[in-house]
Amino acid sequence: MKILVIGSGAREHAIVWKLKQSPRVKEIFAAPGNAGIKDLARCVSIAADDLEALVDFAKKEAIDLTVVGPEVPLVLGVVDVFQEAGLKIFGPNKQGAMFEGSKAYSKAFMENHHIPTAKYKEFTNLDSAKEYVDMFGFPLVIKADGLAAGKGVVICENHEDAMDTLDKMMQDKVFGDAGSKVVFEEFLTGIEASILCFVDGKTIKPMASAQDYKKAYDNDLGLNTGGMGAYSPSRLFDETLKAHVDEEILQPFMKGVLSENIDYKGIIFIGLMIEDGQAKVIEFNCRMGDPETQVVLPRMENDLLDVLEACVDGTLEDIDLKWSDKQAVGVVMASGGYPEAYEKNKLIKGLDQVDAIVFHAGTKADNDQVLTNGGRVLTVVSLNEHLSQARAHSYKELEKINFEHMMYRTDIAKSQC
Ligand code: AMP
Ligand code: GLY
């Protein structure tokens with residue numbers, strides 16, 4: 001089969017790497033891909049949000065299955081556009097992608113279907129939002145409703161913070177239209193974990209759990225990032241918690257989707273806050289997590305193509321997902337300054353010395369050299385029966401890699417985060 005993978009991150013590199021292991025995959029294309037993906041797939045310079053060019057390319061190349069990595073094309077409706085053109089594509093349609101595209105939509109869905117989550121209230125008017133600030137108490141979580149590249153959530157410690165955040169989101173439009181509506185949420189305490197699930201329109205099956213480290217620096221200091229590392233399975237996910245999450249969250253999600261006639265196929269990624277053995281949903285995302293995917297897919301023992309096709313064809317019930325007993329630890333190497341301003345075009349040395357899986361994100365090829373091309377640059381992943389050894393191996397191997405101003409956390413899989 002001919003496959004097209006949309007995206008250019010380490011998540012997409014992991015998807016391509018896993019699909020490449022399928023005996024049924026003949027050729028993989030990536031749009032636009034990166035310097036690591038280039039070794040496994042043919043990269044075509046089409047942006048992930050250029051729906052028209054993507055569908056034209058898929059028609060021209062007679063692509064058998066397209067796999068969408070990031071949220072932006074999903075929220076724009078890439079799945080609907082491909083389906084209208086008679087092309088097979090893995091991911092939720094525009095309506096399904098609303099779970100990530102609108103936090104207010106997602107909260108209303110959870111309320112309607114009794115899925116445990118933080119209390120909330122939505123506002124489209126700045127003055128009304130400001131009047132309500134002191135009624136919620138502090139810390140107060142304020143979220144831009146729409147997509148904001150992971151930056152649209154602010155935890156406000158006091159009245160001034162909240163006023164300032166509302167001005168920035170609703171008046172100054174720092175997140176554009178995404179901040180025209182905001183959601184206030186009660187602040188949840190506990191430990192976060194991510195659960196990624198496959199969905200085929202009627203059945204939901206969780207993948208192995210993972211834990212992401214979102215803050216830029218060790219000991220959870222610094223700004224929130226896309227994720228600085230992850231490990232799988234999460235220590236928190238014992239059988240009791242798994243059963244609890246299935247009963248209280250996954251099954252109600254699926255029932256809710258069916259009762260609202262949402263044809264949800266693809267991935268639902270659920271961000272959870274866990275406290276005293278109870279889980280509450282922080283957010284839904286409509287695609288795989290990054291860096292969660294980089295530690296989950298290497299543990300998967302199924303042929304990924306079989307699973308993706310089962311989701312599209314509505315036969316997920318027949319698939320028995322299997323996971324390696326090995327634990328995986330992935331450490332993200334980023335450009336100094338990330339998640340704020342950083343420099344690009346730094347020469348990456350030592351990649352050929354590394355004895356671990358290296359998934360590329362912000363990299364680009366320049367003749368025989370690889371240069372940095374983004375904030376998160378690489379994820380170095382190791383597997384071992386013991387978490388501490390997988391962790392030690394990733395850190396030993398990543399020391400062989402060097403680029404100017406590189407940074408990484410030294411406590412991935414060590415603390416609970
Ligand atoms: P989100 O984009 O909704 O996942 O939020 C980004 C991050 O903000 C989460 O991973 C949490 O660390 C934090 N966060 C979001 N909502 C809440 C909440 N209600 N209580 C505490 N922390 C939150
Ligand atoms: N690691 C969090 C995310 O992908 O949104």
Side-chain angles (χ1 to χ4, degrees), residues 7 9-12 14-15 68-72 74-75 97 99-107 110 115-122 136-157 165 169 175 178-179 182-196 207 209-216 220-232 234 267-275 279-297 330-332 334 339 359 361 375-376 379 409 412 416-417:
R11 164 184 53 208
E12 287 76 23
I15 293 170
V68 192
E71 64 277 16
V72 171
L74 291 168
V75 171
F99 280 108
E100 180 158 5
S102 166
K103 301 223 183 251
Y105 173 89
S106 192
K107 294 298 284 189
M110 285 188 261
I115 296 174
T117 187
K119 284 198 206 76
Y120 85 106
K121 196 158 171 63
E122 65 180 79
F136 245 79
F138 297 97
L140 168 65
V141 184
I142 302 184
K143 300 184 175 183
D145 179 58
L147 291 185
K151 295 182 187 142
V153 175
V154 182
I155 295 171
C156 303
E157 296 296 340
T165 300
M169 285 186 185
F175 303 119
V182 298
V183 171
F184 283 10
E185 269 184 36
E186 158 200 25
F187 179 77
L188 297 176
T189 52
I191 299 174
E192 287 182 52
S194 314
I195 191 97
L196 317 182
M207 301 186 211
S209 60
Q211 201 149 339
D212 175 20
Y213 290 67
K214 286 180 202 278
K215 297 281 182 184
D220 283 336
L221 297 175
L223 294 173
N224 256 340
T225 69
M228 292 300 288
Y231 73 91
S232 172
S234 161
I267 301 289
I268 188 82
F269 157 167
I270 308 174
L272 298 170
M273 187 70 89
I274 295 157
E275 193 174 47
K280 285 188 176 167
V281 176
I282 298 180
E283 62 168 349
F284 285 127
N285 293 316
C286 61
R287 37 82 198 173
M288 293 198 197
D290 183 340
E292 289 90 338
T293 305
Q294 294 94 295
V295 290
V296 167
L297 286 188
V331 182
V332 170
F359 292 124
R376 288 189 291 175
T379 312
R409 277 182 65 155
I412 303 303
Q416 286 245 315
C417 88

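In this text, all values refer to a predicted model and were calculated from it rather than measured experimentally. First listed ligand is number 1; within each ligand, the first listed atom is number 1.
Taking every heavy atom of E186 and a limit of under 4.0 angstrom, the matching atoms of ligand 1 come to 18 (C), 19 (N), 20 (N). Taking a cut-off of under 4.0 Å to the non-hydrogen atoms of G226, the atoms of ligand 2 that pass are 1 (N), 2 (C). For ligand 2 and F269, the ligand atoms under 4.0 Å from any heavy atom of the residue are 2 (C), 3 (C), 4 (O), 5 (O). Here is the list of ligand 1 atoms found below 4.0 Å of a heavy atom in K214: 10 (O). Of all atoms in ligand 2, numbered sequentially from 1 with element shown, those under 4.0 Å from a heavy atom of D212 are 1 (N), 2 (C). Residue contact check: G289 has heavy atoms under 4.0 Å from atoms 4 (O) of ligand 2. Near F187, the atoms of ligand 1 lying under 4.0 angstrom from a non-hydrogen atom of the residue are 20 (N), 21 (C).
Counting protein heavy atoms only, atom 13 (C) of ligand 1 is closest to I155 CD1, 4.1 Å. What sits closest to atom 3 (O) of ligand 1 on the protein, heavy atoms only, is K143 NZ, 3.0 Å. Scanning the protein for heavy atoms near atom 6 (C) of ligand 1, the closest one is V153 CG2, 3.9 Å. Nearest protein neighbour of atom 4 (O) of ligand 1, counting heavy atoms only, is E283 CD, 2.6 Å. Of all protein heavy atoms, the one closest to atom 3 (C) of ligand 2 is R287 NH1, 3.4 Å. Of all protein heavy atoms, the one lying nearest to atom 7 (C) of ligand 1 is N224 ND2, 3.9 Å. Scanning the protein for heavy atoms near atom 14 (N) of ligand 1, the closest one is I282 CG2, 4.1 Å.
At distances below 3.5 Å, not a single donor-acceptor pair connects side-chain atoms of S102 with backbone N or O atoms of G146. When atom types are taken as modelled, the side chain of E100 and the backbone of A97 share no donor-acceptor pair closer than 3.5 angstrom. A donor-acceptor pair under 3.5 Å is formed between the side chain of R376 and the backbone N or O of D290. Side-chain atoms of T379 do not come within 3.5 Å of backbone N or O of V331 as any donor-acceptor pair. Within the 3.5 Å criterion, the main-chain N or O of V182 finds no donor-acceptor partner in the side chain of D145.
Polar contact with ligand 1: present for L188 (N/O pair, distance under 3.5 Å). In terms of N/O distances under 3.5 Å, ligand 2 is not approached by K214.
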Exercise. Take N224 and K215 through the test side chain to side chain contact (heavy atoms under 4.5 Å, CB included) and record every step on the way to the result.
Key: CA-CA 4 Å; N224 256 340; K215 297 281 182 184; 3.8 Å; yes
Quiz item: Step by step, would you call D212 with E192 a side chain to side chain contact (heavy atoms under 4.5 Å, CB included)?
Solution: CA-CA 8 Å; D212 175 20; E192 287 182 52; over 6 Å; no
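Proximity of M288 to ligand 2, defined as any heavy-atom pair under 4.0 Å, is not found for any part of the residue. In E192, the part holding a heavy atom less than 4.0 Å from any atom of ligand 1 is the side chain. Of the heavy atoms in V141, only side-chain atoms (C-beta onward) come closer than 4.0 Å to ligand 1.
Between K151 and L223, every side-chain heavy-atom pair lies at or beyond the 4.5 Å cut-off. Side-chain contact check for V75 versus L147: some heavy-atom pair is nearer than 4.5 Å. When side chains are defined from C-beta on, S232 does not count as touching M207, because their heavy atoms never get closer than 4.5 Å.
Each of K280, E283, E186, K107 was checked for a side chain to side chain donor-acceptor pair (under 3.5 Å) with T117, and the lone residue meeting it is K107.
A tilted orientation is assigned to the rings of Y231 and Y213, their planes being inclined by 30° to 60°.
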